[in-house]
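Working notes, structure below.
Chain letters run A, B, ... following the sequence lines, proteins first, then strands; residues in each count from 1. Below, each value reflects all heavy atoms present in this structure, side chains not excepted, and no hydrogens, waters or symmetry copies. In this text the structure is predicted, and so the values were computed from the model without any measurement.
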Amino acid sequence: MSDTAQLASDAGSRDPAVGLRAVRALRLLVDRLEALQVENAREQGWSWQEIAVFLEVSRQAVHKKYAGGRGLLRREK
Amino acid sequence: MFERFHQDARQAVVLAQENARRLHHDHVGTEHILLGLLDQPQTVSARVLGRHGVDHLRAYQAVVDALPPRPGETLDADALEAIGIDLAAIREKVEAAFGPGALDRPAHRNRRGRVFGGRHVRFTPRAKKTLELSLREAIHLKHRCIADGHVLLGVLREGEGLGARVLADAGIDFTALRQEIVAELS
């Protein structure tokens with residue numbers, strides 16, 4: 001971390017504006033990384049179940065979030 | 001279809017994608033096709049447009065004004081640095097794996113709801129239509145292959161995308177422009 005950021009961190013660690021903004025930025029970053037990684041896993045032939053195990057969520061959750069479609073009418077492994 | 005595209009026309013499509021990436025857009029639209037054409041200043045399309053006062057810089061600015069980056073879609077490097085996360089380092093690793101701009105474009109859903117990560121820059125229906133129309137323009141003019149000028153004719157013929165709007169806003173008369181391009185192509 002740069003000196004400037006260290007200063008900002010020290011000075012603002014209890015400042016909700018700094019903290020909440022960081023949380024929001026982190027969430028956006030995580031969402032993007034997850035989309036890239038899930039898609040990459042699917043391309044490499046991973047099943048939704050295998051992806052779900054690594055993300056520690058249910059297969060239904062990861063399928064619902066990323067597979068789209070009409071669920072009942074489409075079957076994906 | 002692309003096998004009939006001449007080198008300059010192919011390059012315009014490549015540069016359209018490149019311009020979309022540069023703008024952090026998750027799509028390639030008619031506006032990016034226009035920017036791709038203007039990015040090769042020596043071509044027929046860029047020269048004709050130049051005579052009408054439109055160059056890459058001006059069109060690029062018009063596209064930025066029409067589609068400004070949405071604040072909610074920009075990764076906040078300062079906010080992350082405040083909690084000790086180096087966004088540049090993460091970006092470098094992600095781009096090494098997934099290509100330039102992969103982290104800076106939001107994920108998007110296709111029509112069936114499937115999510116695609118930021119490494120994809122998809123062509124909009126209007127952009128696809130524009131490329132089809134450029135083929136039709138070439139056939140209509142009895143030209144054997146599709147040059148960059150035919151692609152510009154496609155942008156004009158499609159007529160409703162942001163690419164055409166940028167040209168209309170610059171005060172260009174489409175009929176006159178068409179005639180000039182056709183004259184240059186033959």
Side-chain angles (χ1 to χ4, degrees), chain A residues 1-44 46-48 51-52 55 57 59-77, chain B residues 17-18 20-28 67-125:
Chain A
M1 200 189 315
S2 74
D3 291 347
T4 323
Q6 187 64 52
L7 275 176
S9 179
D10 291 344
S13 57
R14 297 287 297 270
D15 179 350
V18 173
L20 293 171
R21 203 177 136 208
V23 170
R24 155 82 186 126
L26 202 50
R27 189 171 289 143
L28 190 61
L29 179 62
V30 169
D31 284 347
R32 295 225 180 135
L33 286 174
E34 189 177 272
L36 285 167
Q37 293 297 347
V38 168
E39 188 192 342
N40 182 51
R42 288 293 295 172
E43 279 181 9
Q44 293 193 25
W46 284 41
S47 68
W48 293 110
I51 294 168
L55 292 176
V57 295
R59 187 190 67 84
Q60 288 82 356
V62 73
H63 188 272
K64 188 177 174 203
K65 189 167 175 188
Y66 289 101
R70 291 178 292 267
L72 288 173
L73 298 174
R74 280 175 61 225
R75 281 192 63 85
E76 300 213 31
K77 61 172 179 169
Chain B
Q17 292 170 286
E18 166 60 30
R21 288 205 179 89
R22 223 185 295 165
L23 288 157
H24 293 168
H25 290 161
D26 62 355
H27 66 278
V28 176
L67 299 172
R70 281 176 275 181
E73 290 185 352
T74 309
L75 290 170
D76 192 337
D78 293 339
L80 291 169
E81 202 175 341
I83 53 169
I85 295 169
D86 183 353
L87 181 61
I90 296 171
R91 182 181 283 121
E92 190 183 320
K93 292 208 191 306
V94 170
E95 291 194 346
F98 299 115
L103 196 58
D104 288 296
R105 278 186 295 275
H108 61 268
R109 287 178 192 280
N110 70 3
R111 255 179 299 174
R112 294 167 78 186
R114 178 146 198 174
V115 172
F116 290 88
R119 65 179 148 147
H120 295 275
V121 187
R122 71 195 190 287
F123 280 75
T124 64

Please determine whether side-chain contact (heavy atoms from CB on, under 4.5 Å) holds for the pair A/Leu26 and B/Ile83, giving the CA-CA distance in whole Å, both sets of side-chain angles, and the decisive distance to 0.1 Å.
CA-CA 10 Å; A/Leu26 202 50; B/Ile83 53 169; 4.0 Å; yes
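For B/Asp76, the side-chain hydrogen bond (donor to acceptor under 3.5 Å, both in side chains) partners at least two apart in sequence or on another chain are A/Arg21.
Ranked by heavy-atom pairs under 4.5 Å with chain A, the first of B/Asp104, B/Asp86, B/Val94 is B/Asp104. Contact count versus chain B (heavy atoms, under 4.5 Å) is highest, among A/Asp31, A/Leu33, A/Asn40, for A/Asn40. For the set B/Ala107, B/Gly118, B/Ala102, B/Pro106, the count of heavy-atom pairs under 4.5 angstrom toward chain A peaks at B/Pro106.
Using a 4.5 Å heavy-atom cutoff, the side chains of B/Arg119 and A/Leu36 are in contact. Considering only heavy atoms from C-beta on, B/Leu75 comes within 4.5 Å of A/Arg32 through its side chain.
Annotation for B/Glu92: atom CD does not count as buried by contact number, only 12 or fewer foreign heavy atoms lying within 6.0 Å.
The parts of B/Phe116 that come within reach of chain A are both its backbone and its side chain, each placing non-hydrogen atoms under 4.5 angstrom from that chain.
Of all the heavy atoms in A/Ala22 and B/Ala79, the pair that sits closest is CB-O, 3.4 Å.
Distance check: B/Leu103 CG to A/Leu29 CG gives 5.5 Å after rounding to the nearest 0.5 Å.
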